[in-house]
K.L.:
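Pasting a structure below so you can have a look.
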Amino acid sequence: VDFILVAGDVFDDHSVSKSDATRAFPILESSRDSCPVFIIPGNHDPLVPGGVWDRDPWFREQPHLRVHFLRKAEPIDVPNLPVTIFPCPLRQRRSLDDPTAWIEKHPRADDGRTIRIGLAHGSLNIMRLPDDDHLIRPDAADRYGLDYLALGHWHKRSLHPSADGVERTAYSGTHEPMAFRDAIDGLSTGWSSYSTDGVAERFRDDGHGIALLVTIDAPNAPPQIEPVETGRLRWSAEQRDLTGQSLGGLIKDYSRRESPELTILRLTLSGVMDPQGHARLEELRQIVQNRYHPGSVLDTDGVLIEPSAEQLLEVVGTGVLRRVLDRLKADVQSTDPTERRVAEHAIKLLYRIAWEEQPA
Amino acid sequence: MIIEGFEIENWTCIKKLAVSGLPPTGVIVLHGPNRTGKSSVVQALRACLMDYPSTSTALKSSYPRGTGEKPKVAVTYTSGGATYRITKCFGSNKSELASRTSTGAWRVEANTAPEAHSKVCDHAGGDDSSKGLRQLLWLTQAEFRLPEPKKFDPDIQAQLRGILGVLQTALDDRFIERVKTRWNVWHGGQRKAGKRPAVKEGSGLAVNLARLSEVQRELDDSELEFNEIERLLQQTSDLEARRSDLGRQLGAQKLELQRREEERERSQARIAARRLAEERHSRALQELHGSSEEQRQRSEAASRLAEAVSAIGPATQKVESLEHSVQSQETKQTRLKTDLGERRERRRVLKRREERVGESLRFVDDVDKLEVARHELKRAEEVATDVDAIKRFLAENPVPDGPTLAAMKATHEKILQLRADCDAASMSLKIEPVDGAEPARLSLDGRPPRPLTSPLESSHSVRRRAELHIPTWGRVELSRGAGSDDLDQIEEELRRCREELKVALAAIGIDPTASDAFDRLLRRNAEHGLKVEERRKREGDLKALAPKGLDPFRTRILEMEAKLKGAGAPDPDDNKPLPSDRNELQTLKADLERDTTALDGEITALEQAIDTTEATLGQYRPKVTQAKEVLAGCEATVTSRREELDRLRTEEQIAQRAETAKREFTAIDDELRATELTAEESTVVERVAACKEAVSALERQARENEEKYNRIKGRLEGSEGLHAQRTLLSARVDELARVTSRESLERDATDRLYELFEECREKQLGTLMGPIHDRVLNWMRVLDIGDYKEVRFGDAFLPDKLVKRDGTAEFAIGEESTGAQEQIGMLVRLALGSLLTHADEPTVAILDDPLTHCDVGRLNRMRVILRRSSEGDPKRRPPAGPLQLMVFTCHPEWFRDEQATVIDLENPEVMQRYSV
């Protein structure tokens with residue numbers, strides 16, 4: 001690899017802590033056998049006065065050993081390579097301007113011996129999008145004579161062909177997945193797209209962390225684009241039906257998984273089970289909370305305890321508890337969701353306590 | 001178990017007690033005053049039937065003091081259809097339990113202390129008389145509250161459960177205990193029906209909720225800060241663009257300034273020459289205008305002086321005219337005042353004479369009054385003399401007061417009655433001598449014998465003894481024999497009454513020996529009454545004549561006399577004599593009043609005329625002053641105008657000044673034309689200033705822009721870590737929300753279980769306790785206790801709450817009066833006791849000094865309830881069994897009725913006591 005392009009959003013925000021900013025720099029700067037890294041600010045970490053790029057170590061005199069933070073919209077030649085990079089740094093979260101527009105003032109020279117690469121952060125204007133989402137014209141690569149336009153902003157990998165059918169415009173997607181696959185609610189804690197259409201499809205990853213390995217042999221040559229999996233974290237939203245299942249087996253399964261600390265688990269249980277097994281759900285909850293990556297949750301609201309009529313008589317007897325159970329069953333039919341939820345949980349509790357209090 | 005009888009010996013104060021033949025059911029009243037030993041009987045029964053074997057040493061305090069005797073208690077009772085007799089000699093091993101055979105003989109069942117005690121406890125249902133059914137039915141002295149639910153015998157509760165139905169299973173008990181334990185993790189105290197309980201401080205949920213609230217607040221603060229930063233972020237690019245634009249404008253403006261300053265330098269010499277010419281021209285023009293102005297001022301000053309001089313003449317004439325008018329009015333006023341003085345003097349003389357006539361008239365009146373007073377004094381003195389005479393009479397002839405006189409009259413009446421009684425008790429002796437018989441002599445009752453001469457003396461009354469001496473014949477003696485006590489008593493009483501009357505009469509000065517002494521008393525009393533009435537009347541007259549007494553009356557007359565002597569002194573101003581006749585004096589007074597009235601009219605007219613002239617003068621005087629002031633003002637104006645004219649230059653001097661100024665002005669006008677400036681030269685200074693102003697404005701804007709930019713930059717720099725903070729807080733909020741939500745659900749579910757359990761248990765309890773509830777409530781209405789529609793029973797089958805008839809309020813039993821608590825307690829005891837008793841096995845209830853807080857009205861109704869409950873009611877569902885109600889009381893009337901068995905513990909045949 002000759003050099004790396006980071007198309008914005010190194011940081012989730014311009015106000016990240018000093019420790020985050022300081023930890024990120026040596027990863028890119030000091031790695032042995034690493035190549036130059038060209039970075040532009042994105043809409044999450046725009047180049048604003050007093051922001052992360054204005055602070056040490058990112059504010060040190062350029063060039064660094066490997067890190068090239070590109071503050072200005074002006075062509076940059078890659079050292080020792082016939083490559084010119086056209087960086088399009090962002091200074092705003094949202095903007096009506098096309099960040100690549102300035103490249104038009106720098107047309108390809110007649111001799112055409114340099115590979116021209118655009119580096120930008122924004123939305124390729126190929127669909128209905130918010131006007132202020134740093135919209136980039138769809139034919140930017142063709143219009144500006146770029147051999148390749150490396151884009152950031154969208155979380156999913158996507159390649160876009162130019163007029164000649166060659167794919168010269170590409171979003172690599174995020175290098176770590178940021179959401180449960182097919183999740184319909186929030187992607188991850190504290191993350192915001194800053195776009196007015198919120199959590200749109202373009203901000204959903206496919207559960208993998210990806211980088212693109214791009215090879216361009218010569219100016220005007222079609223780029224060869226190869227995805228490389230880089231993600232380590234795994235977001236796993238799982239559902240298990242406990243009906244007829246042994247909870248012990250389930251506990252064993254989740255306690256023996258590999259690298260649980262790298263898995264963000266959302267385990268939703270459903271089905272019918274006996275009160276004895278229900279009591280062990282807490283054990284499973286402890287495993288999920290303590291061994292898996294922070295943020296992992298166990299949802300047992302869907303687990304039902306429904307003994308047979310004989311079990312019912314055996315468990316609750318003929319005293320007051322029997323009447324309590326009847327009342328709770330009536331509550332479960334309530335139209336009030338809160339009352340219904342409390343009643344369902346109370347039934348589980350009733351069964352569990354009554355079960356535990358059965359004479360030995 | 002019921003008790004048929006018992007015998008107690010040597011138990012505290014009880015020497016011996018024997019009760020037998022007690023009915024198996026109904027009310028048995030054992031009564032005796034306080035300290036009879038009622039409670040000791042109850043203790044002995046408890047000890048014998050359950051609490052102690054005879055070998056127990058715990059009863060030494062029950063041994064009779066100072067006797068050396070040991071207690072012995074024997075109780076005959078029926079249990080399980082058989083009759084037993086337990087006999088315990090306490091302080092020894094001597095105990096015997098015997099059963100009665102069908103023939104009536106006693107068969108020994110056990111004769112050792114442990115065995116006998118064990119068997120009798122089996123029959124009684126326990127070895128503790130404060131437990132089991134006795135906890136309800138065997139009341140210690142004045143015990144009025146029901147047992148606490150927690151201390152209520154579980155066996156009895158189990159029996160009640162067996163009769164009334166399953167209320168709460170053991171599983172229910174364990175379940176609700178678990179639920180309560182869980183509930184107490186989040187809540188404190190007791191759960192109250194219908195109220196959502198608050199989360200307990202210090203509980204994990206409360207801590208987490210507080211943390212969540214705190215973290216949420218921090219997150220909100222962070223979000224606010226984030227939004228502010230975002231707003232600033234949007235401004236930064238505008239500021240940067242503005243900075244660039246301002247820099248460009250400032251450069252251009254500075255260039256223009258430099259150009260204009262160079263132009264100004266070039267025009268500087270011509271501008272200075274022009275400015276000098278303009279200054280000189282201005283000064284010449286000013287001098288020319290000054291001379292013209294001075295000329296105008298002098299002309300105006302001369303004209304003002306002439307005007308002031310002409311105003312002095314009219315002002316002088318006006319002053320003189322007004323002064324003449326004032327003098328005329330003052331002369332007229334002087335004349336009027338003289339006339340007024342003369343009239344006033346004449347009126348004073350007339351008034352003085354009128355006063356003297358008035359005095360003479362009052363003198364004549366006083367003389368008449370004095371005469372009348374003297375006459376009245378004389379009459380008063382006569383009346384006072386009469387009053388004194390009556391008082392003397394009353395003092396010399398006293399009478400007893402009303403009660404004394406009544407007593408004396410009664411005594412007199414009694415004497416007459418006693419005399420009559422004596423006479424009635426006397427013997428009648430009739431002597432009828434034959435014609436020619438010598439006169440005999442008769443001695444009656446010890447009096448000396450006297451001859452009987454008159455035939456009229458043939459009948460005699462003999463009280464004790466009569467002796468008749470008949471000449472030639474001998475003596476006949478007639479004596480009352482023994483048994484004359486009545487006569488003696490009458491005579492003694494008669495003597496005492498006479499003596500009493502004598503003393504009373506002597507005390508008021510009436511001779512008691514006189515035969516008409518009592519008549520005298522009556523006459524004196526009547527006369528006394530008349531005299532008292534007369535004295536009262538005379539004193540009334542005297543009061544009318546001399547209300548304050550004679551001496552003040554006399555003093556008043558002396559004062560009147562002195563006053564008359566001092567009257568009639570001559571008036572030195574009026575020698576004219578006055579008539580002494582009243583009519584003449586009144587005529588003279590009327591004449592004088594008429595003359596005075598006429599003079600008053602004249603005086604009023606003169607005073608009005610003087611006032612009129614004074615008013616006229618009042619109008620003239622200010623006018624004179626005003627006219628004089630006008631005149632003085634005119635004179636001062638003339639002086640001032642003259643001085644003003646003198647201060648100005650002369651006309652010649654002014655004309656010369658004007659000529660000089662004209663010449664100067666003409667000379668400078670040529671110079672002005674020569675130094676005329678171009679349009680650029682004349683505006684270059686202003687244009688330089690405007691350009692400088694523009695540069696300053698741009699610099700200021702650039703400075704402000706930069707300051708704002710730097711402020712934002714500083715603010716953004718200060719936001720370092722805000723993202724991490726937001727992320728962290730958001731994660732913590734999510735985590736805490738998840739935890740608290742789960743725990744809240746757990747809490748809500750637990751609370752719901754608790755709530756439902758209580759509701760269901762309450763409902764079930766209501767159903768099961770229905771029969772007891774209805775019976776107790778019915779009795780409460782009979783007793784007229786409160787206005788309740790419901791008695792709520794608790795887990796332990798004991799009442800917990802009272803519900804008002806309208807259902808609006810609940811009360812704890814303890815909130816009722818002590819009396820009501822005692823009565824409700826008794827009703828519940830009877831209801832539950834009856835429930836646990838079978839028709840073929842009645843139960844004894846021992847009530848020691850019960851219902852002490854009950855009023856008479858309720859006691860009457862309670863008596864009926866006690867009797868009915870003792871009879872039982874087999875028709876009830878479940879049936880109520882009969883009771884043997886033994887009531888120990890010092891108020892037998894509270895519990896006794898026709899059907900009750902009453903035993904008097906004071907009856908020595910029942911109980912003998914040691915003397916204390």
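Owing to the predicted nature of the structure, the values given are computational and were not obtained by experimental measurement. Chain letters run A, B, ... following the sequence lines, proteins first and then strands; every chain starts at 1.
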K.L.:
Under a 4.0 Å threshold between the charged nitrogen and the carboxylate oxygen, would A:Arg55 count as salt-bridged to B:Glu720?
P.N.:
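Looking at B:Glu720 and A:Arg55, the cut-off is met.
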K.L.:
Are the side chains of A:Arg91 and B:Leu233 in contact, using a 4.5 Å heavy-atom criterion?
P.N.:
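Heavy-atom side-chain distance check fails, nothing below 4.5 Å.
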K.L.:
Can any side-chain N or O of A:Arg327 pair as donor or acceptor with the backbone N or O of B:Leu756 at less than 3.5 Å?
P.N.:
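Not at all, since once roles are kept as given, no pair shorter than 3.5 Å links the two residues.
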K.L.:
So what's closer than 4.5 Å to chain B heavy atoms on A:Val297: side chain, backbone, both or neither?
P.N.:
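The side chain, not the backbone.
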K.L.:
Kindly compute the distance separating OG (B:Ser744) from NE2 (A:His345), expressed to the nearest 0.5 Å.
P.N.:
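Those atoms lie 10.5 Å apart.
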K.L.:
Name the region of B:Arg715, side chain, backbone, both or neither, that has any atom closer than 4.5 Å to a heavy atom of chain A.
P.N.:
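Contact with chain A involves no heavy atom of B:Arg715 at all.
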K.L.:
Salt-bridge test for B:Arg752 and A:Glu339: reply yes if a basic N is under 4.0 Å from a carboxylate O, no otherwise.
P.N.:
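The answer is no: the pair does not qualify as a salt bridge.
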K.L.:
Looking only at heavy atoms and a cut-off of under 4.5 Å, which of A:Leu321, A:Asp54, A:Val48 has the most pairs with chain B?
P.N.:
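Going by pairs under 4.5 Å, I would pick A:Leu321.
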K.L.:
With a 3.5 Å distance limit and no angle check, can you tell me whether A:Asp13 reaches the backbone of B:His723 through a side-chain donor-acceptor pair?
P.N.:
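No: the side chain of A:Asp13 does not pair with the backbone of B:His723.
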K.L.:
Could you give the distance from CZ (A:Arg322) to SG (B:Cys760), rounded to the nearest 0.5 Å?
P.N.:
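Those atoms lie 12.0 Å apart.
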K.L.:
Check this for me: B:Glu707, atom CD, are more than 12 non-hydrogen atoms of other residues, nucleotides or ligands nearer than 6.0 Å?
P.N.:
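Count over threshold, so yes.
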K.L.:
Of all heavy-atom pairs between A:Pro49 and B:Tyr709, which one has the smallest distance, and what is that distance?
P.N.:
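Closest heavy-atom pair between A:Pro49 and B:Tyr709: CB-OH, 3.5 Å.
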K.L.:
For B:Leu232, is it the side chain, the backbone, both, or neither that has a heavy atom closer than 4.5 Å to a heavy atom of chain A?
P.N.:
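No part of B:Leu232 comes within 4.5 Å of chain A.
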K.L.:
Which bit of B:Glu755 comes within less than 4.5 Å of chain A, counting heavy atoms only: side chain, backbone, both or neither?
P.N.:
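Contact with chain A is absent: no heavy atom of B:Glu755 under 4.5 Å.
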K.L.:
Heavy-atom cut-off 4.5 Å, strictly under: side chain, backbone, both or neither for A:Arg323 against chain B?
P.N.:
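Both parts, backbone and side chain.
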K.L.:
Taking every non-hydrogen pair under 4.5 Å, which of A:Ile347, A:Asp331, A:Thr338, A:Asp326 racks up the most with chain B?
P.N.:
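Between A:Ile347, A:Asp331, A:Thr338, A:Asp326, the count favours A:Asp331.
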K.L.:
What's the spacing between A:Asp299 CG and B:Arg742 CZ if we round to 0.5 Å?
P.N.:
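CZ of B:Arg742 is found 10.0 Å from CG of A:Asp299.
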K.L.:
Side chain from CB out, backbone as N, CA, C, O: work out which of these in B:Thr750 comes under 4.5 Å of a heavy atom of chain A, or both, or neither.
P.N.:
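Answer is both: backbone and side chain atoms of B:Thr750 are under 4.5 Å from chain A.
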